[in-house]
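Comments concern the structure below.
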Amino acid sequence: MNAEIRPVKTAAEIGLADLFAAARSDLPGGSSTEAVRSDAFDRFAAQGLPHSRVEAWKYTDLRRLVRDAKPLASRPDAAAKSAAGGAGAVFAGLDVRRLMIVDGAFVPELSDLAALEAGVAIRATVEALGAEEMPLPFGMAGTDPVAALNTALAGDGVVITVAADVVVERPIHLVFVTTSAAPAAMFTRSRLELGSRASLTLVETHEGPDRSDYQVNAALQVDVGDKASLDHIKITGEGAAALHVATLEASVGAGANYREFGFTTGGAVVRNQLFLRIAGQGTVANVHQASLLSGRQHVDTTLVIDHAAAGSQSREVFKAVVDDEARAVFQGRITVQPGAQQTDARMMARALLLSDEAVANCKPELEIFADDVQCGHGTTTGALDDQLKFYLMARGIPEKEAEALLIQAFVGEVIDAVVRDDLREALSQTMFAWLKGRE
Amino acid sequence: MTALLEIRGLKAEIDGRQILNGLDLTVNKGEIHAIMGPNGAGKSTLSYVLSGKPGYEITGGEVFFNGEDLLAMGPDERAAKGLFLAFQYPLEIPGVATLTFLRTALNAQRKKRGEEELSSPDVLKRVRELAKQLSIDPEMLKRPLNVGFSGGEKKRNETLQMALLEPKLCVLDETDSGLDIDALRIVADGVNRLRAADRGMIVITHYQRLLDYIVPDVVHVLSAGRIVKTGGKELALELEATGYAQYQSEAA
Ligand SMILES: Nc1ncnc2c1ncn2[C@@H]1O[C@H](COP(=O)(O)OP(=O)(O)O)[C@@H](O)[C@H]1O
Ligand SMILES: [Mg+2]
């Protein structure tokens, strides 16, 4: 007998291995891509689904939370395409370029590809991979098992390139929607290359039916050129039973302005992991995240930010409003490399617990290898302030409304970080809708 | 005629400690009552119990507000019925703009009373007028409620809220504390403008000074959770001269 102890594979892990074996020959990409994929799957298989003894996944035990693997979603048929029509309603009425990703596949005929700005190119991931023009491997996220799984199984997505000096006024909205009632798995990979001095607002929304326990593994790789400006806004509004794991890997050049904003209200189990490298000097990067959770939602936001160049500034603000038996997880690690002097990095995580059963786990870390830096972090967890609530009620404001006002004030600080008025207003409306749902 | 406020034998505890010990007080419409007393007598406790702050246990007595059982109502309901407490220590609420707060409060009360809600411009217009009367910088209305306000600004802001909400009964808890003489005048003028035949006021203060500006009809001494003496406005002057020592010993 073999004396080596191997962890027993879970049903989901076995299912994923079967899935990869069956799908690998049909996945997009040439032979070099195929080699990358099988390499990535081997890396995943060696680790299995992450569990609580894996430090980076301490609070989100996917071995326990993911019971089975779902079959890969089939490409959307006419019915699916027509069902997808109303998706992305959060930003309905705003002048944005909608790109539809239905059941994991980019659907050009549902997307607004007319009058593309000069210097902007948009195409499907399948196309870019087919032409062997899209690298799949991750950098910072390379060792993460869920990212590896994405590399192995990535089907479709969108590749956007913006040439140097092009200022794109109209935001691009990636509308990810799951339509199939039968639970399926979707592995998407998208990519954004923003040239030097270019400017773009990229919005992502993710949604799907409440009744289906579908699984999404979405990844986005971003390359922000020197002196470029990127606003990236992601709304995770998945269906109530969905699993959503997402990897964002961004590399930001010198003198750039990068604003990352995340807003999560949906999904049963959500992991948003962000790997951010400040690769050039004098860059300003802000990461703001807000989660509004209820029921038994489990939402994990994990950020790794690597200051690899001197004189950059980063601000990270995380806020979670947690009701019922929901759980919010926040892990943040700021690393300052030896050469990254004059780094100014600050991280704050605050959770507002609205019920006795609500839980927040916060784990901020600093890893500093330079001596002339300003870094700090803080966390707070607490209930609504009864004194403040009484003050509002003593002025005639009913209890639920008083709570809503205080919650709004708590989340407002994060939403205020969204620069564009129209998008900020739409996000406020999403927050109000969530608050209304509590009444 | 039904009294505006009628308190009979009120007893209240907090954290197992009895603070109000059988308090009686009747306030009629149009009257201003001053309540004076040593620190720790239970003045703020009375104001909190009247406005419905959680944490107090009522262990005896009754309170009627326009003939209705006040103690059965929630704090928001009491406010909508016309009870207003100007806090001794107004709270700071980061993230809630003062104007938003004022509009929300006014419209919540109107809605509860079955009145039509006012539009934002209408509220703004009324608030602006009142702010001017109270020498409040209109820019302050955009700032988060009381955040970074000076002591005097907070008290003026309380007075502004009171004037906007037009309550039936105003309870002012040490509105004079932390005010210099100019601010005191502004606040007192604001309060005096609210004097009306159908409105009553309870002015809680430790010092007689405020009562030079807001002249009461009746003065009570509160000590160890009870009204121990009642008189006319000359009682306040008497207290100023003698201090509270005799009442403290009485209570002991
Ligand atoms: N939470 C509490 N627990 C116990 N005692 C309290 C509490 N709050 C106030 N007290 C006590 O109640 C008494 C009356 O307080 P208060 O009403 O604030 O007096 P005043 O306003 O007349 O100065 C004081 O002795 C004070 O220490
Ligand atoms: Mg007091």
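Throughout, protein chains are lettered first and strands after them, A, B, ... in sequence-line order, and every chain is numbered starting at 1. Keep in mind that the numbers below use all heavy atoms, side chains included, and drop hydrogens, waters and symmetry copies.
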Query raised in the report: Do R346(A) side-chain atoms and G376(A) backbone N/O form a donor-acceptor pair below 3.5 Å?
Result: no
**Report entry** Lys/Arg-Asp/Glu bridge criterion (N-O < 4.0 Å) met for D300(A), R327(A)
**Finding:** no
Requested in this report: Decide, yes or no, whether a salt bridge links E403(A) with K389(A) under the criterion of side-chain N to carboxylate O below 4.0 Å.
Outcome: yes
Query raised in the report: With a 4.0 Å cut-off, would you call E92(B) and R143(B) a salt bridge?
Result: no
Query raised in the report: Hey, what do you get for CG (L164(B)) to OG1 (T159(B)), rounding to the nearest 0.5 Å?
Result: 12.5 Å
**Report entry** Interchain contact, L91(B) with chain A, by part (heavy-atom threshold 4.5 Å)
**Finding:** both
Query - Between S291(A) and Q289(A): side-chain donor-acceptor atoms closer than 3.5 Å - result: no
Query raised in the report: Can you tell which of F330(A), F261(A), F263(A) makes a ring-ring contact (aromatic ring centres under 6.0 Å, His included) with F318(A)?
Result: F330(A)
**Report entry** residues 380-388 of chain A: residues contacting chain B (heavy atom under 4.5 Å, by number)
**Finding:** Q387(A), L388(A)
Query raised in the report: Among residues 407-429 of chain A, which ones touch chain B with a heavy-atom distance under 4.5 Å?
Result: A409(A)
Query - Max heavy-atom pair count under 4.5 Å with chain A, selected residue of G95(B), A80(B), G74(B), P75(B) - result: P75(B)
Query raised in the report: Under 3.5 Å, is there a donor-acceptor pair linking the side chains of S177(B) and K155(B)?
Result: yes
Query - Test item: side-chain donor near acceptor, H298(A) and T60(A), under 3.5 Å - result: yes
Report summary line: Which of I35(B), V171(B), I202(B) passes side chain to side chain contact (heavy atoms under 4.5 Å, CB included) with S47(B)? Answer is V171(B)
**Report entry** Residues of residues 48-68 of chain B with any heavy atom under 4.5 Å of a heavy atom in chain A
**Finding:** Y48(B), S51(B), G52(B), K53(B), P54(B)
Query raised in the report: Listed by chain and number, what are the side chain to side chain contact (heavy atoms under 4.5 Å, CB included) partners of N157(B), not counting sequence neighbours?
Result: T98(B), L145(B), N146(B), F149(B), L160(B), Q161(B)
Query - Any side-chain heavy-atom pair of R271(A) and T302(A) under 4.5 Å - result: yes
Query raised in the report: Is the closest side-chain donor-acceptor distance between H377(A) and E365(A) under 3.5 Å?
Result: no
Query raised in the report: Are R126(B) and E166(B) close enough for a salt bridge, meaning some N to O gap below 4.0 Å?
Result: yes
